[in-house]
Amino acid sequence: KLDLIEGKISYFVEGLKVEEIFNSVEKPFEFYSQAKSKRQNQQNLKNTLDSIEIFKSMDLAVSKIIPEILTKSTVNKKSNLPKDNEELEFAQVLRIQLDLDKEFEAIKGELLKKRDFYPDELFRLFDTDDKGYIKAPHVVKALSQFDISITETEANLILKRFSMSDEKVLSANEFAYIFAPVDSEPNRKALQKSLVKASIHKISDFNPDTKEAIKKVFLRLKSNEFFSEPLRQKLSKQPLFDFYEVFKLLDKSGMGFISFNDMKEFLTKHNVSATPLEVLCVYRRYDKRRQNKITFNDFTKELTPLPPEK
């Protein structure tokens, strides 16, 4: 029985070891689609997501095995990869990121409805040094108070996702952008609450429901970025994958940036069905400087994996 949990490949295995399941996979993208389909038929997903033990037990297996699978699926094809396949390779990555990001948006929307949640209040609980920015150790320490186990590497993946600079830090505004709704009117109204702010000085000051909603947002964010990283690593190991050539494929107008319509047309071309709001979810992932356009620098930043730890 295979179930995709929180946007990350995590599996319940009856009678077989996790390693045996993973090592039998030659095409991880197809396996992802199959698992996603199985998850959609699962009736008790919420109970599964609430089990933190699942994450703890699967993290080790996934972190060791997925990169190996992605490498194996590529090694024997490197020398034969046609240049035309660059477009297909990127389309596969974009399809998965779109699925992850639109689900993250839905979970984030639930948090925004909480009457005692304000991003700036939460940021102050992360920024224990009161410096106006946070780094990986701040994220690790703060999330531990929500019973979330996260490594500094995983924290850096989150910082990389939302940082407008090339440094592994987040300012208060960048942190708030994690929770900014894409374009949902109810969520925008939720973010613009008219009530007087609650005074939040510690995690326990949040209502239990709010604390749980924050926890779910960061669990999903952690797993989304954890799953996206092997996709970047796979592309980086393709000797014939040219970032600039793929960028030009999307930049139809030749203006030096990818517009929202460029990305929407690219997804349609590759038979990815998505609403405009869903496309916007993944578009914002690449629009690092929040300019409503994706520059080549934005594009390469999103697709470049973290450097190996020294």
Side-chain angles (χ1 to χ4, degrees), residues 3-12 18 28 32 35-36 39 45-67 70 93 96-112 117 119 122-123 125-127 134-163 168-170 174-180 203 206 210-233 281-282 284-285 302 304-306 309:
D3 296 306
L4 183 63
I5 305 301
E6 280 284 347
K8 176 197 303 186
I9 297 185
S10 300
Y11 295 90
F12 292 100
V18 174
Y32 167 84
K36 178 173 177 286
R39 185 193 60 178
L45 178 60
K46 183 178 184 302
N47 292 336
T48 305
L49 295 181
D50 289 340
S51 175
I52 304 305
E53 291 304 313
I54 293 174
F55 291 94
K56 291 180 179 178
S57 63
M58 293 299 172
D59 274 354
L60 182 60
V62 174
S63 64
K64 289 184 176 180
I65 298 167
I66 288 185
L70 293 174
V93 169
I96 294 175
Q97 288 180 324
L98 186 146
D99 283 341
L100 299 178
D101 290 345
K102 69 182 183 183
E103 292 176 5
F104 174 64
E105 188 70 18
I107 291 176
K108 183 171 65 178
E110 291 303 310
L111 172 60
L112 294 178
F117 173 73
L122 182 61
F123 179 77
L125 299 182
F126 279 67
D127 181 19
I134 58 174
K135 295 185 176 183
H138 297 100
V139 176
V140 172
K141 182 178 179 180
L143 293 186
S144 68
Q145 298 179 68
F146 290 93
D147 298 321
I148 298 176
S149 175
I150 184 171
T151 66
E152 287 199 11
T153 297
E154 291 169 328
N156 276 323
L157 287 173
I158 294 175
L159 299 179
K160 178 179 182 288
R161 164 77 186 274
F162 294 99
S163 174
K168 298 175 183 177
V169 299
L170 277 190
E174 290 167 335
F175 182 84
Y177 194 73
I178 295 175
F179 310 97
I203 300 296
F206 285 112
T210 303
K211 181 178 178 180
E212 186 64 22
I214 294 172
K215 179 178 179 179
K216 287 184 178 180
V217 164
F218 279 101
L219 278 174
R220 174 56 65 106
L221 186 55
K222 169 193 170 182
S223 57
N224 278 13
E225 296 316 302
F226 183 83
F227 185 75
S228 294
E229 186 68 358
L231 304 180
R232 302 183 190 102
Q233 292 170 347
C281 287
V282 73
R284 282 186 18 164
R285 169 185 282 274
E302 171 57 34
T304 302
L306 286 178
E309 294 183 359

Asks: Hey, what do you get for CD1 (I214) to CG (L143), rounding to the nearest 0.5 Å?
Replies: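 I214 atom CD1 to L143 atom CG measures 10.0 Å (nearest 0.5 Å).
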Asks: For F123, which of Y177, F117, F175, F162 qualifies under ring pair (Phe, Tyr, Trp, His ring centres under 6.0 Å)?
Replies: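 Only match with F123 under ring pair (Phe, Tyr, Trp, His ring centres under 6.0 Å): F175.
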Asks: Report the residues that fulfil side chain to side chain donor-acceptor pair (under 3.5 Å) with D101, sequence neighbours left out, ordered by chain and then residue number.
Replies: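 For D101, the residues satisfying side chain to side chain donor-acceptor pair (under 3.5 Å) (neighbours in sequence not counted) are R285.
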Asks: I'd like to know if the side chain of K222 reaches the main chain of S149, judged simply by a donor and an acceptor atom lying under 3.5 Å from each other, with no hydrogens or angles considered.
Replies: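 Side chain of K222 to backbone of S149, a donor-acceptor pair under 3.5 Å: yes, one is there.
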Asks: Mind checking what makes side chain to side chain donor-acceptor pair (under 3.5 Å) contact with R232, not counting sequence neighbours?
Replies: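 R232 satisfies side chain to side chain donor-acceptor pair (under 3.5 Å) with E225, E229, E302 only.
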Asks: Rounded to the nearest 0.5 Å, what's the gap from CG on N224 to CG on L219? Could you check?
Replies: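 Rounded to the nearest 0.5 Å, the CG-CG separation comes out at 11.0 Å.
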Asks: Going from CG on D127 to CG on L170, what distance comes out if it is rounded to the nearest 0.5 angstrom?
Replies: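 So the CG of D127 and the CG of L170 are separated by 11.0 Å.
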Asks: Quick one: does S144's side chain have a donor or acceptor within less than 3.5 Å of a partner on K141's backbone?
Replies: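 At least one qualifying donor-acceptor pair exists.
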Asks: Heavy atoms only: give me the nearest A155-V140 pair and the separation to one decimal.
Replies: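 The answer is CB-CG2, 4.2 Å.
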Asks: F179 versus L122: any side-chain heavy-atom pair under 4.5 Å?
Replies: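 SC-SC contact between F179 and L122 confirmed.
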Asks: How close do L231 and F227 get, counting heavy atoms only, and between which atoms?
Replies: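 Between these two residues, the closest heavy atoms are CG-O, 3.8 Å.
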Asks: Measure the spacing between CG of L100 and OG of S223 and express it to the nearest 0.5 Å.
Replies: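 Answer rounded to 0.5 Å: 8.0 Å.
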Asks: What about the rings of F146 and F218, do their centers lie closer together than 6.0 Å?
Replies: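 So the answer is no for these two rings.
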Asks: Measuring from atom NZ of K215 to atom OG1 of T210, what distance do you get when rounded to the nearest 0.5 angstrom?
Replies: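 Atom-to-atom, K215:NZ and T210:OG1 are 14.0 Å apart.
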Asks: Can you give me the closest heavy-atom contact between L159 and V139, atom names plus distance?
Replies: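 So the minimum-distance heavy-atom pair works out to CD2-CG2, 4.1 Å.
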Asks: Crowded around K135 NZ? As in, over 12 foreign heavy atoms under 6.0 Å?
Replies: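 Result for NZ/K135: open.
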Asks: Give a yes or no on whether the backbone of A180 and the side-chain of K108 come within a donor-acceptor separation of less than 3.5 Å.
Replies: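 A pair under 3.5 Å: yes.
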Asks: Roughly how far, to the nearest 0.5 Å, is CD1 of I150 from CG of L221?
Replies: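 Between L221 CG and I150 CD1, I get 8.0 Å after rounding to 0.5 Å.
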